[in-house]
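Worksheet for the structure shown next.
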Amino acid sequence: MIDSIHERIHAIRSKLPDSVRLIAVTKTVTSEVIRSAYDAGIRDFGENRIQEVISKQNDLQDLTDIKWHFIGHLQSNKAKKALQHFSWIHSVDNLKLAQRLHNLAAELGVTPLVCLQVKILPDPSKSGWHIPELMTDLPALNQCKNLQVQGLMTITPRGLNDPQTLDVFNRTRKLAVEIQSQNWSHMQMEQLSMGMSSDYHLAIQAGATMVRLGTILFGERAS
Ligand SMILES: *Cc1c(COP(=O)(O)O)cnc(C)c1O
């Protein structure tokens with residue numbers, strides 16, 4: 001089990017450009033397995049449940065250079081806990097949440113790294129900004145100065161073929177370039193968090209800087 005995780009991590013790592021950050025998505029994965037991924041060189045871990053991450057962080061206290069990435073839909077009543085337990089939040093998906101995180105970040109004295117989650121195509125099962133609404137909200141987002149906005153995150157809808165998936169990723173990159181060209185004083189658009197086990201190869205083609213991989217590293221999740 002442990003050997004195969006090392007092998008899988010090395011196999012995937014060898015396919016990724018050095019500039020791409022591999023985020024190991026460890027929801028439902030045990031602390032012991034996370035430790036073995038750490039031993040294989042992984043330092044970035046993605047989780048989507050706060051309670052689950054708290055107990056894992058407790059088990060892994062000695063691994064002080066882990067960066068935890070929140071990748072799930074964040075309910076506003078969990079915003080404070082998210083700031084306390086994660087250095088990155090990839091899934092900031094509406095202005096109210098951004099403003100709440102900004103205010104809480106001041107209280108807590110933190111400056112979280114965040115991505116803005118966008119929906120390039122309509123997808124009722126996913127949260128995130130549609131492009132026109134995001135463009136409207138940019139001035140208010142730029143005022144959320146305690147957030148270090150780093151770029152965009154997207155999840156492709158189910159059922160797309162490869163060209164359609166690649167198109168979604170390319171459009172996400174172009175959107176980031178467009179926003180970057182507006183020269184916001186407090187937002188950067190250099191990071192593109194896109195690509196999961198089934199489509200990361202396309203995300204890389206389109207310029208992803210962070211891929212979020214679970215199944216391909218740890219096997220199918222039970223739940
Ligand atoms: C679960 C999850 C992943 C990882 O998905 P796999 O298909 O297992 O690689 C990536 N991103 C988000 C937002 C997720 O919820």
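Numbers here are sequence positions counted from 1. Counting convention: from 1, in listed order, for ligands and their atoms alike.
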Closest approach of Ile179 to Leu134 (non-hydrogen atoms, all atoms of both residues) | CD1-CD2, 3.8 Å
For Thr215, atoms of ligand 1 separated by under 4.0 Å from a heavy atom = 6 (P), 7 (O), 8 (O), 9 (O)
Consider only side-chain N and O atoms of Thr156 and Asp199, and report whether a donor and an acceptor are under 3.5 Å apart.
-> yes
Counting heavy atoms only, which part of Lys27 comes closer than 4.0 Å to ligand 1: side chain, backbone, both or neither?
-> side chain
Using a strict 4.0 Å threshold on nitrogen-to-oxygen distance, state whether Asp39 and Arg35 make a salt bridge.
-> no
Between Trp68 and Phe45, does the ring centroid distance fall short of 6.0 Å?
-> yes
Is the closest N or O pair between Ser198 and ligand 1 shorter than 3.5 Å?
-> no
When only distance counts, is Asn48 in polar contact with ligand 1, meaning an N/O pair under 3.5 Å?
-> no
Ligand 1 contact on Ile71 by region, counting heavy-atom pairs under 4.0 Å | both
Contact with ligand 1 for His90, non-hydrogen, under 4.0 angstrom = no
Ligand 1 atoms in contact with Ile155 (distance to a heavy atom under 4.0 Å) | 13 (C)
Check each atom of ligand 1 against the heavy atoms of Arg212 and keep those under 4.0 Å away; list them by number with element.
-> 4 (C), 9 (O), 10 (C), 11 (N), 12 (C), 13 (C)
Can you tell me if Arg100 and Asn103 form a side-chain donor-acceptor pair at under 3.5 Å?
-> no
Counting only heavy atoms not in Asp18, do more than 12 sit closer than 6.0 Å to its CG atom?
-> no
May I ask you to list the atoms of ligand 1 that are less than 4.0 angstrom from any heavy atom of Leu213?
-> 9 (O)
How close do Lys56 and Thr26 get, heavy atom to heavy atom, and via which atoms?
-> NZ-O, 2.6 Å
For atom 5 (O) of ligand 1, closest protein heavy-atom neighbour | Met196 CE, 3.4 Å
Do any N/O atoms on Gly214 end up under 3.5 angstrom from N/O atoms on ligand 1?
-> yes
Strictly by modelled atom types, are Gln191 and Thr209 linked by a side-chain donor-acceptor pair under 3.5 Å?
-> yes
the protein heavy atom lying closest to atom 9 (O) of ligand 1 turns out to be Ser197 OG, 2.5 Å
